[in-house]
Amino acid sequence: MNQDEMKQAVARAALDYIRPKLERDSVIGIGTGSTANYFIDALGEIRAEVEATVASSEASAARLRDNGLPVYDLNSVDRVSFYIDGADESNASLQLIKGGGGALTREKIVAAVADEFICICDQSKLVHTLGDFPLPVEVIPMARSHVARALVKLGGDPVYREGFTTDNGNIILDVYNFPVAAPLEIERKINDIVGVVTNGLFAHRPADVLLLGRPDGVETLKAQ
Ligand code: 5RP
């Protein structure tokens, strides 16, 4: 399997994983990105069994609707049973870097509400130490320079993501050259900077299950 086929395989594996657990009142949280898109398309095939979804981005909401799936506002549901999303990196504890597509804040909110977070990735995303992938930070526009200076003090090289506005009307700083040896501490420290909405480290709310695409099939990993 090539990388794209691995993404399709994990999307299908996620469907197989949740399908037997679906109940009449299940709400499915949906991530953002190319792997999540494959999941949305697979979910569309069983639309009659899906009561409700909530989306982590406008793009995913539009794709869900295109697939004939019902999309709800998060505030109008009591709970989210599953959250299915890709990632830019995962370590063995299933702590993640997310936000390559810029949807990190809504992704983190839906993940926080979900009973079970199922991450779907091809094998290139599994790393020993998080941070080869530049860490996205969503920032209130007027705080851009202040936050960038604070990120430099923490040891990173923040770069403004040109021409990009998040679904929440904010900007993204991508932090390069920033190996994350202590994800819990760094997630909190960055979020403590005034003007930061949130950052793409998912350490306090890691995935519960990682479905990892390998050339010869899908491996199921739980946090170590
Ligand atoms: C979007 C994300 C995505 O999950 C992440 O970028 C992975 O994307 P893809 O499935 O396209 O590799 O966090 O904000």
Side-chain angles (χ1 to χ4, degrees), residues 1-15 28-43 53-64 74 80 82-91 94-114 117-127 130-139 159 161 163-176 178 180 183 187 190-191 196-214 218 221:
M1 281 195 277
N2 61 33
Q3 189 182 35
D4 219 44
E5 289 165 338
M6 285 187 253
K7 289 183 180 191
Q8 290 180 51
V10 291
R12 203 148 277 287
L15 189 67
I28 306 172
I30 306 289
T32 299
S34 57
T35 320
N37 281 345
Y38 283 127
F39 177 74
I40 293 171
D41 295 345
L43 196 63
T53 69
V54 293
S56 62
S57 64
E58 301 297 338
S60 290
R63 198 174 184 107
L64 286 160
L74 184 62
V80 174
F82 310 101
Y83 179 57
I84 295 97
D85 197 0
D88 299 301
E89 285 184 349
S90 174
N91 65 18
L94 308 195
Q95 296 169 320
L96 313 170
I97 286 184
K98 292 187 45 52
L104 59 156
T105 300
R106 294 188 187 195
E107 292 172 343
K108 200 176 266 197
I109 293 167
V110 183
V113 176
F117 178 2
I118 300 133
C119 186
I120 49 176
C121 288
D122 68 85
Q123 63 173 8
S124 70
K125 308 290 182 74
L126 188 62
V127 298
L130 298 172
D132 270 353
F133 192 90
L135 176 65
V137 181
E138 180 164 353
V139 176
V159 174
R161 200 181 289 186
F164 184 84
T165 304
T166 70
D167 283 349
N168 313 307
N170 298 314
I171 61 126
I172 298 277
L173 295 174
D174 292 302
V175 188
Y176 286 77
F178 196 52
V180 183
E187 182 179 1
I190 295 177
N191 283 347
V196 167
V197 179
T198 198
N199 71 83
L201 276 171
F202 284 53
H204 290 274
R205 200 313 172 212
D208 298 304
V209 181
L210 174 62
L211 300 176
L212 192 69
R214 303 273 194 198
V218 176
L221 301 176

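Because only heavy atoms are used, hydrogens play no part in the values below, and waters and symmetry mates are left out as well, while side chains stay in. Residue numbers count from 1 along this sequence. In listed order, ligands and their atoms are each counted from 1.
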Neighbouring residues of ligand 1, heavy-atom cut-off under 4.0 Å: K7, T32, G33, S34, T35, D85, G86, A87, D88, K98, G99, G100, G101, G102, A103, E107, K125

Min side-chain heavy-atom separation S90-L96 under 4.5 Å: yes

SB check K98 E107 (cutoff 4.0 Å): yes

Between N168 and E138, a side-chain donor and acceptor under 3.5 Å: yes

Ring-face cation contact, F164 with R161, 6.0 Å cut, 45° max: yes

Residues which pass ring pair (Phe, Tyr, Trp, His ring centres under 6.0 Å) with Y83, listed by chain and number, not counting sequence neighbours: F117

Salt bridge flag under 4.0 Å for residues K108 and E187: yes

